[in-house]
Amino acid sequence: MLDIKMIRENTAEVIKKLNTRGDDFSYLYDVVKKDEKRREIIQKIDQLKAKRNEISKKVGKYKREGKDVSDILASIEDQKTKITTLQETLEGLDTFIQQQLLRTPNIPHKAIPIGKDEDENIELKKVGNLPHFNFEPKAHWDLAKTLDILDFERAAKIAASRFVIYKGLGARLERALINFMIDLHVEKHGYEELLLPYIVNGASMTASGQFPKFKDDAFALQDKRDLYLNPTAEVPAINLFRDEILKAEDLPKHYAAFTTAFRQESGSAGRDTRGIIRLHQFNKVELIKFVKPEDSYEALEAMLADSEAVLKALNLPYRVIELCSGDIGFTMAKTYDIEVYLPSYETYREIGSISNAEDYQARRGNMRFKRDTDSKAEYIHTLNGSGLAVGRTVVAIMENYQLEDGSIVVPEVLRPYMKTDIIN
RNA sequence: GGAGGAAUACCCAAGUCUGGCUGAAGGGAUCGGUCUUGAAAACCGACAGGGCGUGUGAGCGUCGCGGGGGUUCGAAUCCCUCUUCCUCCGCCA
C-alpha cells in the first residue's frame with residue numbers, strides 16, 4: 001500500500017510513475033480530494049468529542065457533589081446525533097480511500113526500464129551452455145510417458161485437469177530437488193528454514209497483495225473463517241510479522257520455505273495445457289527477506305545470486321531478465337525473472353522470480369521496526385524470490401539431461417538424494 | 001463435538017460484581033543517578049506504546065484495557081458478537 005500522505009503531497013508525480021505500468025491511475029486525484037474531506041471531518045468530530053468528554057467529566061463531578069445535572073444534560077442533547085452523523089460520513093470516506101489504496105499497485109523503482117509489456121523486458125545475462133543433441137530432443141511429457149513417472153489421466157480422475165501424479169523416480173526427483181534446494185539455502189546461503197501453513201486467511205492475502213485484485217486466482221475454502229489455499233509461500237511468510245514492531249537487531253531475517261502452492265490459473269485457460277509447466281498444485285521453495293530499508297536493494301542482488309546458485313549447481317542453462325514497468329508484479333518495485341532453457345520449447349521459460357516490494361507489503365501488513373527503544377517505528381522492506389519452482393526444475397532436468405533412449409541423467413549434486421545416477 | 005475458565009501496557013498483575021476523582025494501582029525487567037576501586041545489593045528518579053488529526057515547534061486534541069459493534073452525558077467495568085489461549089470429557093494421525 002502506498003502512503004496516503006506521500007500521495008497527497010506528490011499526486012501528479014505518483015500518478016505519472018504508476019502510469020508507466022500501463023494503466024490509468026488518475027483516480028488518485030479523487031482519492032486525495034476524499035482524503036482532504038476526511039481530515040476536515042476528523043477535526044470536527046474530535047472537537048465535538050473533546051467537548052463531550054469535558055462535559056461528561058463535569059457531570060461526574062457534580063453528581064458526586066450532589067448537584068443537579070439536568071441542565072447540562074439538556075445542553076448536549078443534539079451533540080450525540082451530530083457526532084453519529086459525521087462518523088457515518090467518515091466511515092464511508094475511510095472505506096472508499098482504503099479500497100482505492102488496496103487496489104493501487106506499488107510504484108516501480110525509478111531505475112527499471114519503462115515498457116508496456118514483457119516484450120520490453122531487458123535480458124541481463126545468459127549463463128551456461130545450451131545442450132547439443134544429435135537426436136531430436138523430446139518434450140518432458142513424452143519422456144515421462146516412456147519412463148512412466150508422471151500420470152496426468154489418473155490425476156484428472158482423482159482431482160481435475162491441471163493436476164499430476166508423480167511416480168517412482170519422478171516422485172523421488174521432485175523430493176530430491178526440494179531437499180537439495182532447502183539444504184543449499186540453509187547450509188550455504190544462511191537462510192532459516194520454515195514450514196508454513198498451507199491455508200491462509202483473507203487478511204494475510206490482503207497484506208501480501210493477492211487481495212482484493214487477484215481474488216479469482218485463489219482457491220477459497222468453504223469455511224466461514226475466510227480461508228484460502230496457499231497460492232505461494234510468499235503469503236504465509238510475509239505475514240509472519242504482520243502487526244508487529246521488530247527490534248533493529250532482529251533484522252535482517254532470511255527465510256527459506258518449501259510449500260505446495262495452489263492456483264486457479266483462471267486467466268491462463270488453454271495455455272501450457274500439456275506437461276507440468278502450469279498446474280493447479282505445484283511445489284516451490286521460496287526465499288523471503290525482511291530487511292532495513294537501506295539494505296533492500298543489496299539484499300535483492302544477493303537473493304538473485306542465491307536463486308541462480310541452484311541452476312548453476314544443477315548445471316542448467318538460464319538467463320536473467322529485468323522486468324519493465326509494464327510487467328512487474330502488483331506489489332513489487334523491482335523484479336528479476338530467471339528463465340531456464342527448455343529444449344522442447346527451444347526457448348527460455350520462467351523458473352523463478354526475485355523481487356523487492358520495498359515498504360509496500362509492510363505498509364499493508366503494518367510490519368515495522370525500531371532502530372532504538374525510543375525512536376519512531378519505521379516500515380521494514382520485504383523481498384521474496386523463488387529458490388526455485390520445483391516442478392519446472394524437474395522439467396528442465398528431464399529435457400536438458402535426456403539421452404537418445406529417453407532415459408535421464410541425474411545431475412551430479414542430486415545423486416546423493418536420488419541414490420541413482422540415471423532415470424530409466 | 002460437549003462442559004467450564006481466561007485475555008489489562010515489555011513481563012507478571014490489581015481494578016470488572018457496585019459505570020464517573022483509573023488517560024489505568026503494585027511488582028519485575030529496562031534506562032538514568034547516588035553509593036563503590038569495580039560490580040552486586042540498597043536507595044532515588046524515569047518508564048504506555050501506537051494510530052489519526054492539528055501546529056514551524058514545545059505542544060494540543062482524539063482513539064486506546066484481545067478485535068468489532070451496542071447501551072449511556074460518560075465504559076477496562078454493562079450488553080451483543082468474533083478471535084485466541086487454558087482446563088476437563090469424547091474422538092483422532
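So that the names make sense, note that chain A is the first sequence line, chain B the second, and so on, each numbered from 1.
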Interface polar pairs with nucleotides 59-62 of chain B, N/O, under 3.5 angstrom:
| unit_1 | atom_1 | unit_2 | atom_2 | d |
| --- | --- | --- | --- | --- |
| B/G61 | N2 | A/D46 | OD2 | 2.9 |
| B/U62 | OP1 | A/N53 | ND2 | 3.1 |
| B/U62 | O2' | A/D46 | OD1 | 3.2 |

Can you tell me, in whole Å, how much space there is between the [atom1] of [N] and that of [M]?
{"N": "B/C17", "M": "B/U77", "atom1": "C1'", "result": "10 Å"}
{"N": "B/G69", "M": "B/C63", "atom1": "C1'", "result": "16 Å"}
{"N": "B/C82", "M": "B/U22", "atom1": "C1'", "result": "28 Å"}
{"N": "B/C31", "M": "B/C47", "atom1": "C1'", "result": "8 Å"}
{"N": "B/G38", "M": "B/A25", "atom1": "C1'", "result": "38 Å"}
{"N": "B/G28", "M": "B/C86", "atom1": "C1'", "result": "24 Å"}
{"N": "B/U83", "M": "B/A24", "atom1": "C1'", "result": "24 Å"}
{"N": "B/U54", "M": "B/A58", "atom1": "P", "result": "15 Å"}

Report yes or no: is the cationic atom of A/K34 (NZ for Lys, CZ for Arg) under 6.0 Å from the centre of the six-membered ring of A/F96, at an angle within 45° of the ring normal? yes
Mark yes or no: A/R162 above the aromatic ring of A/F152, with NZ or CZ under 6.0 Å from the six-membered ring centre and no more than 45 degrees from the axis. no
Report yes if at least one side-chain N or O of [X] is closer than 4.0 Å to OP1 or OP2 of [N]; otherwise report no.
{"X": "A/R38", "N": "B/C52", "result": "no"}
{"X": "A/K376", "N": "B/G51", "result": "yes"}
{"X": "A/R39", "N": "B/U54", "result": "yes"}

I'd like a table of atom pairs between the protein and nucleotides 18-20 of chain B - only N or O on both sides, under 3.5 Å - with the distance next to each one.
| unit_1 | atom_1 | unit_2 | atom_2 | d |
| --- | --- | --- | --- | --- |
| B/G20 | O2' | A/R64 | NH2 | 3.0 |
| B/G20 | O6 | A/K63 | NZ | 3.2 |
| B/G20 | N2 | A/S56 | O | 2.6 |

Is the centre of the [X] ring less than 6.0 Å from the centre of the [Y] ring?
{"X": "A/H280", "Y": "A/F219", "value": "yes"}
{"X": "A/H381", "Y": "A/Y360", "value": "no"}
{"X": "A/Y228", "Y": "A/F211", "value": "yes"}

Euclidean distance, atom [atom1] of residue [X] to atom [atom2] of [N] [Å, nearest integer]:
{"X": "A/E244", "N": "B/G50", "atom1": "CD", "atom2": "P", "value": "16 Å"}
{"X": "A/K44", "N": "B/C63", "atom1": "NZ", "atom2": "P", "value": "18 Å"}
{"X": "A/L227", "N": "B/U83", "atom1": "CG", "atom2": "P", "value": "11 Å"}
{"X": "A/R242", "N": "B/G67", "atom1": "CZ", "atom2": "C1'", "value": "12 Å"}
{"X": "A/K37", "N": "B/G53", "atom1": "NZ", "atom2": "C1'", "value": "16 Å"}
{"X": "A/N201", "N": "B/G67", "atom1": "CG", "atom2": "P", "value": "17 Å"}
{"X": "A/N366", "N": "B/C52", "atom1": "CG", "atom2": "C1'", "value": "13 Å"}
{"X": "A/K58", "N": "B/C21", "atom1": "NZ", "atom2": "P", "value": "17 Å"}

Donor-acceptor pair, [X] side chain versus [Y] backbone, under 3.5 Å?
{"X": "A/T89", "Y": "A/T85", "value": "yes"}
{"X": "A/H254", "Y": "A/G190", "value": "no"}
{"X": "A/T259", "Y": "A/A261", "value": "no"}
{"X": "A/R103", "Y": "A/P212", "value": "no"}

Is it the case that atom [atom1] in [X] sees more than 12 heavy atoms from other parts of the structure closer than 6.0 Å?
{"X": "A/E412", "atom1": "CD", "value": "no"}
{"X": "A/K51", "atom1": "NZ", "value": "no"}
{"X": "A/R154", "atom1": "CZ", "value": "no"}

Sorted by position of nearest nucleotide on RNA chain B, 5' first, the leading residue of A/R225 and A/K5 is A/K5
Classify the nucleic acid contact of A/K370 as base, sugar-phosphate or nothing, counting any heavy atom under 4.0 Å across all strands shown. sugar-phosphate
Using a heavy-atom cut-off of 4.0 Å across all strands, would you classify A/R8 as base, sugar-phosphate, or nothing? sugar-phosphate
Pairing string of RNA chain B (Watson-Crick or G-U wobble, both atom distances under 3.5 Å; | = paired to other strand) is ((((((((.[[[..)....(.....]]].(((((.......)))))...(((((....)))))..[[[[[..)....]]]]])))))))....
Are the side chains of A/L240 and A/Y255 in touch, meaning some heavy atoms are under 4.5 Å apart? yes
